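Order of the sequence lines fixes the chain letters, A, B, ..., with proteins taken first and strands second; residue numbering starts at 1 for each chain. Remember, it's a predicted structure, so these values are computed and weren't measured experimentally. Quick note: numbers below take in every heavy atom, side chains included, and nothing from hydrogens, waters or symmetry partners.
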Number of protein chains: 2
Amino acid sequence: MVILTPAEHRALERLEERERPLRRGGALIRENDRTTEMFVLRRGTMMSSVLLDDGSRQILRFLFPGDMLAVSSLVYRESPETITALTDCVVCPFERSAMASLIRDHPRLAALIMVYNQIERAALTDRLAALGRTSAKARVAAILIEMRNRLRMMDKEIGASFTLGLTQEEIGDATGLTAVHVNRMLRQLEEDGLIAREAGRVTFHNERALARAANYVDRYAGLDLSWLPSAS
Amino acid sequence: MVILTPAEHRALERLEERERPLRRGGALIRENDRTTEMFVLRRGTMMSSVLLDDGSRQILRFLFPGDMLAVSSLVYRESPETITALTDCVVCPFERSAMASLIRDHPRLAALIMVYNQIERAALTDRLAALGRTSAKARVAAILIEMRNRLRMMDKEIGASFTLGLTQEEIGDATGLTAVHVNRMLRQLEEDGLIAREAGRVTFHNERALARAANYVDRYAGLDLSWLPSAS
DNA sequence: CGAATCCTTGAGAGATGTCAAGCATGGTGG
DNA sequence: CCACCATGCTTGACATCTCTCAAGGATTCG
């Protein structure tokens with residue numbers, strides 16, 4: 001999509017020099033932790049979430065290889081969110097001061113990071129609109145499509161059928177529903193003929209109708225990066 | 001908070017060279033408009049929103065002087081959101097290519113823009129958690145506090161009493177509720193002794209309890225910008 | 001094999017939406 | 001200056017959606 005210069009490649013690789021493994025279920029960062037590190041997710045899937053006073057949890061985002069984690073430590077002394085591994089993972093930690101030099105020395109990479117932030121922002125606002133204004137069934141359908149599409153970006157083999165890798169409680173925490181109601185909505189999607197399920201695998205039987213039910217928009221499409229600074 | 005060099009000041013001022021007035025209710029950008037412009041809001045308050053298939057609206061964010069508008073045109077050919085004036089406004093348009101040169105020539109400003117994006121992100125995730133996991137009453141309380149705090153950033157005179165400047169329908173579109181239910185929640189907050197209302201003015205009678213009811217976090221506090229590149 | 005998790009289903013409760021009507025307010029044209 | 005209209009607010013009755021609680025079945029892991 002954008003061709004990086006060798007120097008830019010090296011700068012990005014320097015962010016990924018160190019590796020840290022993380023066990024399934026392990027927390028990389030907890031809310032209110034003090035940290036000045038950021039991370040690149042290299043392998044596995046993670047999620048970021050917040051806990052509310054009453055003990056309920058809201059999942060903000062699912063994270064996939066290539067995503068930057070804990071960018072908020074650029075700004076906040078204490079982390080506003082918890083970051084947890086959904087599968088065994090490998091992350092690459094780097095100090096936020098590395099971000100300062102990267103911005104100074106590689107303006108085009110700085111611009112690309114802004115682009116990345118905007119894509120993430122669009123995904124968050126889509127979820128916001130879903131929580132505010134769509135039905136439980138639509139929200140569950142949206143999560144299914146989102147997960148399939150992100151998984152497919154890592155593995156081109158994935159088609160209409162994939163392993164979701166989320167419990168119904170996690171789907172509920174992402175969609176603002178209870179696990180019980182998620183279960184009912186999955187069954188309804190099945191009865192509507194939109195999906196099939198077996199042993200943790202989901203199969204889309206009518207992807208078009210599912211996307212329509214979910215109000216789904218692909219935020220990795222429709223990009224226009226022609227304004228980027230030229231390679232220096 | 002951060003002291004800018006004269007050159008940095010000039011660079012920011014260049015973004016605000018031109019002015020465009022906007023009437024109350026007018027749209028600066030509509031969803032799916034093609035635009036390559038961005039804006040700085042100079043005067044007035046605005047909102048950004050999306051429309052769903054069924055005609056319902058979700059307000060994503062309220063915008064105040066100093067905010068950057070339409071940053072998504074850095075990324076998307078077509079705008080993912082509508083931006084509308086809540087009061088008479090003045091905006092300063094600039095081409096997104098100006099952003100490219102600003103990033104190249106002023107790394108510290110680029111870093112500050114990233115900081116700004118992260119603050120906005122935190123505000124969005126707070127709203128997300130509110131929509132997903134808090135009661136109608138809490139969401140309405142949260143909007144009241146948010147509006148008061150942002151208005152107070154422009155006008156230090158504002159204390160416990162302020163003019164909200166939103167219709168109950170707009171509060172509903174921001175909180176994912178119907179206007180009717182917003183009305184009932186406002187009444188309840190009043191009966192609980194947390195607020196008083198008259199002629200569009202809201203007065204906080206028990207701000208601490210209100211903030212508690214709303215799960216409110218001030219995202220403009222707790223910043224740590226010590227990592228920023230040094231002034232060059 | 002036993003103990004956790006996770007999933008599934010039912011019944012009833014609670015929160016929020018829908019519809020409908022009336023009231024208040026402010027702006028506007030006659 | 002007044003009558004009228006559009007907009008927004010308020011309230012009640014009822015419908016619908018989602019949650020809560022509870023129980024049992026399935027699956028995985030040690």
Side-chain angles (χ1 to χ4, degrees), chain A residues 23-26 47 52 54-59 84-88 130-144 163-192 195-202 213, chain B residues 23-25 47 52 54-59 84 86-88 130-144 163-192 195-202 213:
Chain A
R23 215 41 94 41
R24 172 167 194 262
M47 65 179 180
L52 282 82
D54 65 353
S56 63
R57 177 176 69 169
Q58 175 68 45
I59 294 178
T84 320
L86 287 168
T87 65
D88 291 348
L131 289 195
R133 289 300 189 205
T134 74
S135 69
K137 201 199 282 193
R139 287 181 245 166
V140 171
I143 287 284
L144 295 181
T163 302
L164 184 53
L166 298 176
T167 66
Q168 294 181 356
E169 179 160 10
E170 285 160 350
I171 299 176
D173 286 345
T175 53
L177 301 168
T178 57
V180 172
H181 205 58
V182 167
N183 182 287
R184 292 195 238 267
M185 294 303 103
L186 286 170
R187 181 148 44 75
Q188 277 196 27
L189 289 171
E190 206 165 14
E191 284 167 3
D192 295 349
I195 65 170
R197 294 180 298 152
E198 47 163 344
R201 283 189 77 77
V202 175
Chain B
R23 214 42 92 41
R24 172 168 195 263
M47 64 178 181
L52 283 82
D54 65 353
S56 62
R57 178 177 68 169
Q58 175 67 46
I59 294 178
T84 320
L86 287 167
T87 65
D88 290 349
L131 289 196
R133 289 302 189 204
T134 75
S135 69
K137 201 199 281 191
R139 286 181 246 166
V140 171
I143 285 285
L144 295 181
T163 303
L164 183 53
L166 298 175
T167 66
Q168 294 181 355
E169 179 160 10
E170 284 160 349
I171 299 176
D173 286 345
T175 53
L177 301 168
T178 58
V180 172
H181 206 57
V182 167
N183 182 286
R184 292 196 242 265
M185 294 304 104
L186 287 170
R187 162 167 320 289
Q188 278 195 29
L189 289 171
E190 204 165 16
E191 284 167 1
D192 294 348
I195 65 169
R197 294 180 298 152
E198 47 163 346
R201 283 189 78 75
V202 175

B:Val182: which of B:Ile143, B:Thr167, B:Leu166, B:Ile171 passes side-chain contact (heavy atoms from CB on, under 4.5 Å): B:Ile171
Side-chain donor or acceptor of A:Arg24 paired with backbone N/O of A:Ala85 under 3.5 Å: no
Sugar-phosphate only, base, or nothing, as touched by B:Gly200 at under 4.0 Å among non-hydrogen atoms: nothing
Those residues that, when tested against B:Arg197, pass salt bridge (Lys or Arg N to Asp or Glu O under 4.0 Å) (two or more places apart): B:Glu190
Distance below 4.0 Å between A:Thr178 side-chain N/O and D:dC19 OP1 or OP2: yes
B:Gln168 side chain near B:Met185 side chain, heavy-atom distance below 4.5 Å: no
Along DNA chain C (nearest heavy atom to each residue), the more 5'-positioned of A:Glu169 and A:Arg133: A:Glu169
DNA chain D contacts among residues 134-142 of chain B, heavy-atom distance under 4.0 Å: none
Sugar-phosphate, base or nothing in reach of A:Gly172, heavy atoms under 4.0 Å: nothing
Touch class at under 4.0 angstrom, heavy-atom based, for B:Arg184 against every strand present: base
Whether over 12 other heavy atoms sit under 6.0 Å from A:Glu191 CD: yes
Smallest separation among heavy atoms of A:Gln58 and A:Leu131, with atom names: NE2-CD1, 3.9 Å
Value in whole Å for how far the P atom of D:dT10 lies from CD of B:Glu198: 13 Å
Residue pair A:Thr163 / A:Arg201, side-chain donor-acceptor N/O under 3.5 Å: yes
Nearest-angstrom distance from the residue atom CG of B:Leu186 to C1' of D:dT10: 11 Å
Phosphate OP1/OP2 of D:dT10: any B:Asn183 side-chain N/O under 4.0 Å: yes
Beyond-backbone contact of A:Leu144 with A:Leu186, side-chain heavy atoms, under 4.5 angstrom: yes
Given D:dT10, D:dC21, D:dT18, the nucleotide with the shortest approach to the side chain of A:Val180: D:dC21
5' to 3' contact window, DNA chain C with chain B (heavy-atom distance under 4.0 Å): C:dT16 to C:dC19
Contact under 4.0 Å: B:Gln168 side-chain N or O vs D:dT7 OP1/OP2: no
B:Ile171 CD1 to D:dT10 C1', straight-line distance once rounded to whole Å: 14 Å
Rounded distance in Å - CG (B:Leu177) to C1' (D:dC17): 14 Å
B:Glu170 CD to D:dC9 C1', straight-line distance once rounded to whole Å: 14 Å
Heavy-atom side-chain proximity of B:Asp192 to B:Lys137 below 4.5 angstrom: yes
